[in-house]
S.K.: 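One structure is given below, represented as structure tokens, and several questions about it will come after.
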Amino acid sequence: MSSLKELARLMAELEGQLVSCMRCGLCQAVCPLFAETGREADVARGKLALLSGLAQEILTNPQGVQDHLSRCLLCGSCAAVCPSGVKVLDIFIKARAILAGYLGLSPVKKVFFRGILSQPDWFNRILAWGAKFQGIFVKPVDDLLGSSCARFMSPLLADRHFTPLARTPWHLKVPLRDTAPGAANLKVAFFVGCLIDKLYPQVADAVLQVLDHHGVGVYLPGGQGCCGLPALSGGDTQTFRQLVRLNLELLSDPAAPVDFLVTACATCTSTIKQLWPLMMADAEPAVQERVAALAAKTLDISQFLVDRMGVAPAAMGPAAGRIPLTYHDPCHLKKSLGVAAQPRALLEANPAYILTEMPESDWCCGCGGSFTLQHYETSAAIGQRKRDHIAASHCRVVATGCPACMLQITDMLSQAGMRVQVKHAVEIYAEALKK
Ligand code: SF4
Ligand code: SF4
């Protein structure tokens, strides 16, 4: 438990940021959680009001405050429309950390974050065993979507349809890489991310394929860890900082200079660009500098390909015979980083597909990382709105730019028995290069 003096200091810092909320309520119209529950306490304005009385509340009802704060997807929809520029996500993340510091982490979080996630070797080994033996606990349900469900009642898996662990995680297939720049005269470091490594290795294959195609040198250091967001959103700043330092050593090695760092995970990109500098602001100056430099050169793969390599929509033939495709904007790509045109340009670079926009393409899919684990019913209700919009587009493929969104959308489509494939935008572009 933090000392009361330290707690008072952290709360005073937070309160300084809360004053800019003018209670206009504009965030209500865009909050996916509020749209489902209609509860003022779920929207940014309601949570910020709760946090204004945090000094009092934390002493009288800390568990209640923590429960309220856990009811948030951290989607950033509120921050994106806020006329006062309230840094809602920074505030919520810091408040979660303060509360976790005061209340302590739950035993489950402590074991998972401190004992497993913080040690990439151990994390990888546990999930490799899981991949080997998962057939005992899960069974396939949909071949087209590649989804599975639990064989037995499980509180964690509930009635989800999920993407099972890949038989071979990508880091075992491609443990290291260091290729010289080719025609592009550029070299990038590739941060893989946990979900792509363990659930969607075909996305990492596509990234390497397109980088090789464009003559881009690739630096892929082994031993990469999680970007840290699961730990941070669970309030565990200690594990988060440990992971930042570990990844920083690998990705900003002065002996292996690169022009950019690319990822194919919207959540990893926004975490490295925005949350690493925010949460490392009290680190030693040399570390702060390295974090800031790495954040500045981090790009989503679609940004790199379109803005730096000049990938552009292909000349389109007649619509007949082309595969109807729609695109879901991950919150961490569009709302956090303003990246929306580039993934669409990437999709349109493959003339085998025809892009049709779904209604509300940037409405959150309902995943929200740990939110879906803690509040599955609400998460699924938000996801069903996305599924209905996908259905309205009459597409055969839905593309996106975040593996967490792929997971959630797969669940929604599979449960509804919809014959729609889920792919990453870079996979669609890589398919065009194979022809
Ligand atoms: S939009 Fe911004 S200023 Fe308005 S209530 Fe929401 S957080 Fe406060
Ligand atoms: S981050 Fe998303 S879920 Fe959380 S309050 Fe803002 S709009 Fe609502």
Side-chain angles (χ1 to χ4, degrees), residues 14-54 64-99 229-230 232-235 266-267 269-271 273-275 278-279 328-338 340 360-386 389 400 402 404-405 408-409 412:
L14 198 65
E15 272 164 19
Q17 291 181 274
L18 289 171
V19 290
S20 45
C21 173
M22 54 185 185
R23 310 277 192 267
C24 66
L26 282 178
C27 47
Q28 221 178 53
V30 297
C31 176
L33 188 56
F34 181 78
E36 286 309 319
T37 66
R39 288 170 45 180
E40 172 68 11
D42 283 339
V43 78
R45 180 175 63 179
K47 290 193 185 80
L48 294 173
L50 174 85
L51 291 177
S52 318
L54 188 62
V65 181
Q66 196 170 49
D67 291 346
H68 275 304
L69 283 179
S70 83
R71 293 183 58 77
C72 177
L73 294 138
L74 299 179
C75 66
S77 306
C78 45
V81 299
C82 177
S84 307
V86 179
K87 294 193 176 321
V88 185
L89 296 189
D90 297 8
I91 293 172
F92 290 170
I93 280 174
K94 282 186 178 163
R96 284 184 183 191
I98 292 173
L99 277 157
L229 186 63
L232 186 61
S233 58
T267 300
T269 308
S270 70
T271 300
K273 282 191 91 62
Q274 298 177 330
L275 298 178
L278 176 79
M279 300 305 295
H328 160 69
D329 286 287
C331 296
H332 288 141
L333 212 46
K334 184 169 177 193
K335 287 154 199 152
S336 300
L337 302 174
E360 297 183 342
S361 62
D362 62 354
W363 192 259
C364 177
C365 68
C367 180
S370 59
F371 180 86
T372 187
L373 296 176
Q374 286 177 276
H375 308 286
Y376 182 58
E377 233 174 83
T378 315
S379 161
I382 299 168
Q384 282 155 18
R385 178 167 172 159
K386 176 62 58 183
H389 288 330
T400 187
C402 182
C405 302
Q408 171 83 347
I409 292 171
M412 297 302 112

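In listed order, ligands and their atoms are each counted from 1.
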S.K.: Suppose I only count heavy atoms of Leu74 and a 4.0 Å limit; which atoms of ligand 2 are within that range?
M.R.: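 Taking each heavy atom of Leu74 in turn, ligand 2 has 1 (S) under 4.0 Å.
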S.K.: One residue to check: Arg23. Relative to ligand 1, which of side chain, backbone, both or neither has a non-hydrogen atom less than 4.0 Å away?
M.R.: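 It is the backbone that touches ligand 1; the side chain stays farther off.
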S.K.: If we count only N and O atoms by modelled type, under 3.5 Å, do the side chains of Ser70 and His375 hold a donor and an acceptor together?
M.R.: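 Looking only at side-chain atoms, His375 and Ser70 do form a donor-acceptor pair, the distance falling under 3.5 Å.
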S.K.: Please confirm whether Pro83 comes under 4.0 Å of ligand 1, counting heavy atoms of the residue only.
M.R.: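 Within the 4.0 Å threshold, so yes.
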S.K.: Determine, for Glu360 against Lys386, whether the closest basic-nitrogen to carboxylate-oxygen distance falls under 4.0 angstrom.
M.R.: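 Here Glu360 does not pair with Lys386 in a salt bridge, since their nearest N and O are not under 4.0 Å apart.
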S.K.: Taking side chain to side chain donor-acceptor pair (under 3.5 Å) as the test, write out the residues that go with Lys94, two or more places apart.
M.R.: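 For Lys94 there are no side chain to side chain donor-acceptor pair (under 3.5 Å) partners, ignoring immediate neighbours.
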S.K.: What distance do Ile93 atom CD1 and Met279 atom CE have between them, rounded to the nearest 0.5 Å?
M.R.: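 Going from the CD1 atom of Ile93 to the CE atom of Met279 covers 7.5 Å.
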S.K.: To which of Leu48, Ile91, Leu26, Val81 does the heavy atom nearest atom 7 (S) of ligand 1 belong?
M.R.: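 Among Leu48, Ile91, Leu26, Val81, the closest heavy atom to atom 7 (S) of ligand 1 belongs to Leu48.
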S.K.: Keeping the roles fixed (side chain from Gln384, backbone from Met412), state whether a donor-acceptor pair exists under 3.5 Å.
M.R.: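 Checked: no pair found.
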S.K.: Could you tell me the residue and atom name of the protein heavy atom closest to atom 8 (Fe) of ligand 1, and the distance to it rounded to 0.1 Å?
M.R.: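 Protein heavy atom with the smallest distance to atom 8 (Fe) of ligand 1: Cys21 SG, 2.4 Å.
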S.K.: What residue and atom, counting heavy atoms only, is the protein's closest point to atom 2 (Fe) of ligand 1, and at what distance?
M.R.: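 Nearest protein contact, heavy atoms only, for atom 2 (Fe) of ligand 1 is Cys82 SG, 2.3 Å.
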S.K.: Relative to ligand 2, is Val88 under 4.0 angstrom through side chain, backbone, both or neither, heavy atoms considered?
M.R.: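 For Val88, no heavy atom sits under 4.0 Å from ligand 2.
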S.K.: Can you list the ligand 2 atoms lying under 4.0 Å from a non-hydrogen atom of Lys47?
M.R.: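 Those atoms are 5 (S).
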S.K.: Provide the number and element of each atom of ligand 1 under 4.0 Å from a heavy atom of Arg45.
M.R.: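 Every atom of ligand 1 under 4.0 Å from some heavy atom of Arg45: 5 (S).
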S.K.: What protein heavy atom is closest to atom 5 (S) of ligand 1, reported as residue, atom name and distance in Å?
M.R.: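 Checking every protein heavy atom, the shortest distance to atom 5 (S) of ligand 1 gives Gly25 N, 3.2 Å.
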S.K.: Which value, rounded to the nearest 0.5 Å, describes the distance between His332 atom NE2 and Leu275 atom CG?
M.R.: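 Answer rounded to 0.5 Å: 7.5 Å.
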S.K.: What protein heavy atom lies closest to atom 4 (Fe) of ligand 1? Include the residue and the distance to one decimal.
M.R.: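 Answer, as residue, atom name and distance: Cys24 SG, 2.3 Å.
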S.K.: Judged by atom type as modelled, is there a donor-acceptor pair below 3.5 Å linking the side chain of Ser379 to the main-chain atoms of Gly366?
M.R.: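 Checked: pair present.
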S.K.: So does Cys31 get a backbone contact from the side chain of Ser77, meaning a donor-acceptor N/O pair under 3.5 Å?
M.R.: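 No, Ser77 side chain to Cys31 backbone: no donor-acceptor pair under 3.5 Å.
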S.K.: Return yes if some donor-acceptor pair links the side-chain N/O of Lys87 with the main-chain N/O of Leu18 below 3.5 Å, else return no.
M.R.: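 Looks like no, no N/O pair under 3.5 Å.
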S.K.: My understanding is that only residues two or more places apart in sequence, or in another chain, count here; which of them pass salt bridge (charged side-chain N to carboxylate O under 4.0 Å, His left out) with Lys273?
M.R.: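 Partners of Lys273 by the salt bridge (charged side-chain N to carboxylate O under 4.0 Å, His left out) criterion come out as none, since no residue qualifies.
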S.K.: Pairs of donor and acceptor atoms involving the side chains of residues 39-51, under 3.5 Å and at least two apart or interchain, shall be tabulated with distances.
M.R.:
unit_1: Glu40; atom_1: OE1; unit_2: Gln28; atom_2: NE2; d: 3.0
unit_1: Glu40; atom_1: OE1; unit_2: Arg45; atom_2: NH2; d: 3.3
unit_1: Glu40; atom_1: OE2; unit_2: Arg45; atom_2: NE; d: 2.9
unit_1: Asp42; atom_1: OD1; unit_2: Arg71; atom_2: NE; d: 3.0
unit_1: Asp42; atom_1: OD2; unit_2: Thr37; atom_2: OG1; d: 2.7
unit_1: Asp42; atom_1: OD2; unit_2: Arg71; atom_2: NH2; d: 3.1
unit_1: Arg45; atom_1: NH1; unit_2: Arg23; atom_2: O; d: 3.3
unit_1: Lys47; atom_1: NZ; unit_2: Asp42; atom_2: O; d: 2.4
unit_1: Lys47; atom_1: NZ; unit_2: Arg71; atom_2: O; d: 2.9

S.K.: How many protein N, O or S atoms are found at a distance of less than 2.8 Å from atom 8 (Fe) of ligand 2?
M.R.: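 Number of qualifying protein atoms: 1.
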